[in-house]
Amino acid sequence: MIERDLKKHSKHFKGYTELRLQENRNLEIDQVNGKLVSCEKKSQGGFFSRVYKSGSWGCASRAGYDAESAAYVSGKALDNALYLEKMQPMSGRPLSAAASVHEKDLSTKKTRRAQGEIIDFLREADSKLAASCARLRSRRLVLNEFEAECSVLTSDGTSAYSLVPTTRIIAYLTAEAGGASADVFQFFGGCGNFEDVFESTDTFVRGLEELSEHLLRKTGGVYPQAGSRDCLLAPAVAGILAHEAIGHTAEADNVLCGSVAAHQLGKTVASPLISLVDFAHTAMKGSCPVPVYTDEEGTAAGDAVLIRDGVLVSYLHNKETAAKFGATPLGNARAATYADEPMVRMRNTAILPGKDKLRDMIASIEDGYYFMVPSNGLADFSSEFMFGIQIGYEVKGGKIGRPLKNTSVSGYAYEVLKSVSMVSDEFEWLSGTRCGKRQWLPVGLGGATIKCRINVGGK
Amino acid sequence: MDGIARFSLSTLLDAGMYKAQINAAVRSRDEFCFEAGRIALLRTAQSTELRLCGIKGGRLGSVTLNKIDTGEVAAAARNVVKTSESFPQDPFLDIAAQQLPAEFNNGVSAPDRDKMYFRLSEFAADVKARYPLVKLATVSLAFNREDSRFLNSNGVDFKSTLGNYEVLAVYSSQKGEKVSSLGYSYFFAKGLDRPLLGFASCASLLAQSSEQLDARPVEGKFEGDVILAPDCAGDFFEFVLNAVRDSMICSGTSVYLNKTGSLVASEELTFLSSPVADEISTACFVTSEGYPSEEVRIIEKGILKSYLLSQYGSRKTGLPAARSDGGGCQVLPGIRGYQQLISSVKRGLLVVGFSGAKPDNNGDFSGVAKNSFYIEDGRISFPVSETMLSGNIPRMLLGIKGISKERVNFGNAVYPWIHIGGVIVSGK
């Protein structure tokens, strides 16, 4: 446990100052075909300070937990801010104030399982999977339990503490059939320590078996036809679209740097069937995969609605961009490690469910594809995106057809969202994902299945 | 660090491990960051990392931490023992053999802050003056220093010191409401003796960014040639690196399994890992297992010469180990000029960036050509958008039609332009 209350260090503050003590702890266990290949514990922590002077920031971090380290980073951050103030004199806008006093400890209240028990859990899951899916050539399960523990003190009155654990298992499966092989990987897990997320092997193994069935079909997969097609994007794929191609363009720091969303506020950017929200901690009457109650600038977190009924209604902000845009910061300033400065980031981004039934959506497609499991995703300021697809099927004459080999899809997100003609009434999170905007952070993404027109890579 | 590294080694042995290895590093980073029209941030970061690794009875345990005090190290050593007890016995595990102690140094030892500020301001001003449509999203200029120590219970004792400058510039071009795709320049350098625009391919990429404002999709679908620019060649050679490492060779899933000595690429291609070459600013002196790094020719004149197996992978497969973790990749220069390569393309693309999914184990890939240009009848015709590529990397390497004499040094890798045939290009 780290020091929760940093107030005694406020004597070092001069002007707007943030002081943060953060420790990230990882347990990673890698098992291949039931055999442990690595098991490693890592911890990384220390103090970070940031000082705002005349529109620029001085920052400093140090891998130490003591009072001397707190004094060092506060002093060094001030020196750095003064250096920039001297070199480029200018006037800075005051930051939006968003003081909060908050404590949130989401660590498990159950008895902690020993490392050996967690390894046994993975072995048991693997053994059940091997027994039920004999045609799998290799099974790799990588468990990662991650705890981010953070105390924040700011000169404008925030004193916050949070401990947020997330646990995921990445399953990498390879199958062979008829001389052909295919691979897939998928994340399982969510918010909480291992004991809370993986109570028994049964639910987890059911998920693995379902993935294996898709994989075995994929060994006989075909290449999709390249070109523009009517497609269904399952929640995991639509969630990546929401995050990568819309969410990032609507981050206010990216807007200031010229993202395509800079000219779209208040305009129709999507079908009226589309509403898109970056949730803070709670959605659809449940906890989000990555709950954020107070961000690393000390702002109490709330939901940020980006698109309402097809219209872009707001951006995501930190204190600095909120002041520039005259907006209210909602807890989107996040930092990955003790050494990182808070940046405008998403938390849990999703397309809200509509009214359509999935079966009707499939029936409505004459010649297209149903993309179910993504691999990775990338997008840029123009909203042009690319997502890898690992599991997908042809849709012919309103019916699910042959399985697909790996492929990728692309397009301009705002155009693709304008082409949306149906949105399913179901809602699902894709857990265990990470976003890499200069710092790797856990994020949640998901939503409903959407029907749209999209470019497909293939033969 | 010297004291804590030695204390960690003896603590691991005292805790009961038969063999022990310590990797310790102290790092510092000084970084200026330009954003939204001004230098928005100056950062000083100090970090430490200590990895304790031990083997007992063929079982491995390891813990990584950054709390460097004797109490934490003692607790970590107990954790290493505990972790190893969960491990199955593996007869191939070992630590590096005894070698003479050595010290390695590369780069300057401290940053020149005023020069960093000057070079970054100069870069912002140069870009504004020479590329008026370009808007800098963020430019980071950092100085990295790392002092590291490698010790093991066989008597291996290496010290290394590395200093380098690291630059990342991210930008797009804008005209009214039109926005081009993001462009990136990322490189390392040992010093700041010239303006940042003079490094890597920075100037040419910035010039191309404005042309991308008028990008349009290629019409239809065709099989054609692509010229991979140095800026994206590494994305494709990453597949080769992965295919010759422990994981894919030991698991038998590599397309290059049992292919050493065979032709796997055009005879014009020589691909190597050169972690301590003069032109590499991110030198890696000691492998993760504790051997001095050496140049490894992975593909020479089209022939697969070596895998990148560790000592562990070598013991497991009975194949030779390579003394490189895979850094400092280079493709050696070809015999034709860049312009000759372009002139020889009937119909295809100059691919400057590639955004793709991870290739399959067999090398099949697909993705979007970014910041790229359509080539027809030997001339660059127009910038493209929404244009996808698909193909197979091992077949691409065999189908290389030419490699340019000119190369770009990114400080961590050096690549030329590479002309390849038989890639599926699909637009709208």
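Proteins get letters first, then strands, A, B, ... in listed order; numbering begins at 1 in each.
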Subject >> Atom pair CD1 (B:I39) and OH (A:Y83), whose distance is rounded to the nearest 0.5 Å >> reply: 8.5 Å
Original post:
Which region of B:R29, side chain (C-beta onward) or backbone (N, CA, C, O), has a non-hydrogen atom less than 4.5 Å from a non-hydrogen atom of chain A, or is it both or neither?
Top reply: neither
Original post:
So, the side chain of B:N66 versus the backbone of A:G45: is there a donor-acceptor pair under 3.5 Å, distance only?
Top reply: yes
**OP:** Select one option (side chain, backbone, both, neither) describing which atoms of B:S426 are under 4.5 Å from chain A's heavy atoms.
**Re:** side chain
Subject >> Contact class of B:C53 relative to chain A, heavy atoms under 4.5 angstrom >> reply: neither
Subject >> B:E177 versus chain A, the contacting section by heavy-atom distance below 4.5 Å >> reply: both
Original post:
Contact part of B:I424 toward chain A, heavy-atom cut-off under 4.5 Å: side chain, backbone, both or neither?
Top reply: side chain
Original post:
So which part of A:N376 gets closer than 4.5 Å to some heavy atom of chain B, the side chain, the backbone, both or neither?
Top reply: side chain
**OP:** Decide yes or no for B:V179 and A:S259: does some side-chain heavy atom of the first lie under 4.5 Å from some side-chain heavy atom of the second?
**Re:** no
Original post:
Would you say B:R43's side chain and A:A339's backbone share a donor-acceptor pair under 3.5 angstrom?
Top reply: yes
Original post:
Under a 4.5 Å heavy-atom cut-off, does chain A meet the side chain of B:N362, its backbone, both or neither?
Top reply: neither
**OP:** Would you kindly say whether A:D380 and B:S172 are connected by a side-chain donor-acceptor distance under 3.5 Å?
**Re:** no
Subject >> Heavy-atom contact with chain B under 4.5 Å, split by part of A:R140 >> reply: neither
**OP:** Would you mind checking which part of B:S173 comes under 4.5 Å of any heavy atom in chain A, side chain (CB onward), backbone (N, CA, C, O), both or neither?
**Re:** neither
Subject >> Structural part of B:T253 lying under 4.5 Å from a heavy atom of chain A >> reply: both
Subject >> Region of B:F32 that comes under 4.5 Å of a non-hydrogen atom in chain A >> reply: side chain
Subject >> Closest approach of A:S410 to B:M388 (non-hydrogen atoms, all atoms of both residues) >> reply: OG-SD, 3.4 Å
Subject >> B:K370 portion near chain A, given a 4.5 angstrom heavy-atom threshold >> reply: side chain
Original post:
Going from CG on A:L256 to NZ on B:K135, what distance comes out if it is rounded to the nearest 0.5 angstrom?
Top reply: 7.5 Å
**OP:** Determine the option with the most heavy-atom pairs under 4.5 angstrom with chain A, choosing from B:Q174, B:E85, B:E223.
**Re:** B:Q174
Subject >> Straight-line distance of B:N361 CG to A:D183 CG, nearest 0.5 Å >> reply: 4.5 Å
**OP:** Please flag which part of B:E35 lies under 4.5 Å from any non-hydrogen atom of chain A: side chain, backbone, both or neither.
**Re:** side chain
**OP:** Find out whether B:C33 and A:R438 are in side-chain contact, i.e. whether some heavy atom of one side chain is under 4.5 Å from a heavy atom of the other.
**Re:** yes
Original post:
Would the number of heavy atoms belonging to other residues, nucleotides or ligands and lying under 6.0 Å from NZ of A:K324 be above 12?
Top reply: yes
Original post:
Does any heavy atom of chain A fall under 4.5 Å from the side chain of B:A45, the backbone, both, or neither of them?
Top reply: both
**OP:** Would you mind checking which part of A:T407 comes under 4.5 Å of any heavy atom in chain B, side chain (CB onward), backbone (N, CA, C, O), both or neither?
**Re:** both
Original post:
If you check every heavy atom in residues 75-82 of chain B against those of chain A, which residues fall under 4.5 Å?
Top reply: B:N79
Original post:
So, the side chain of A:E384 versus the backbone of B:E386: is there a donor-acceptor pair under 3.5 Å, distance only?
Top reply: yes
**OP:** Could you tell me whether the side chain of A:N80 reaches within less than 4.5 Å of the side chain of B:T44, counting heavy atoms only?
**Re:** yes
Original post:
Taking non-hydrogen atoms and a cut-off under 4.5 angstrom, which of residues 28-41 of chain A neighbour chain B?
Top reply: A:K35, A:L36, A:V37, A:S38, A:C39, A:E40, A:K41
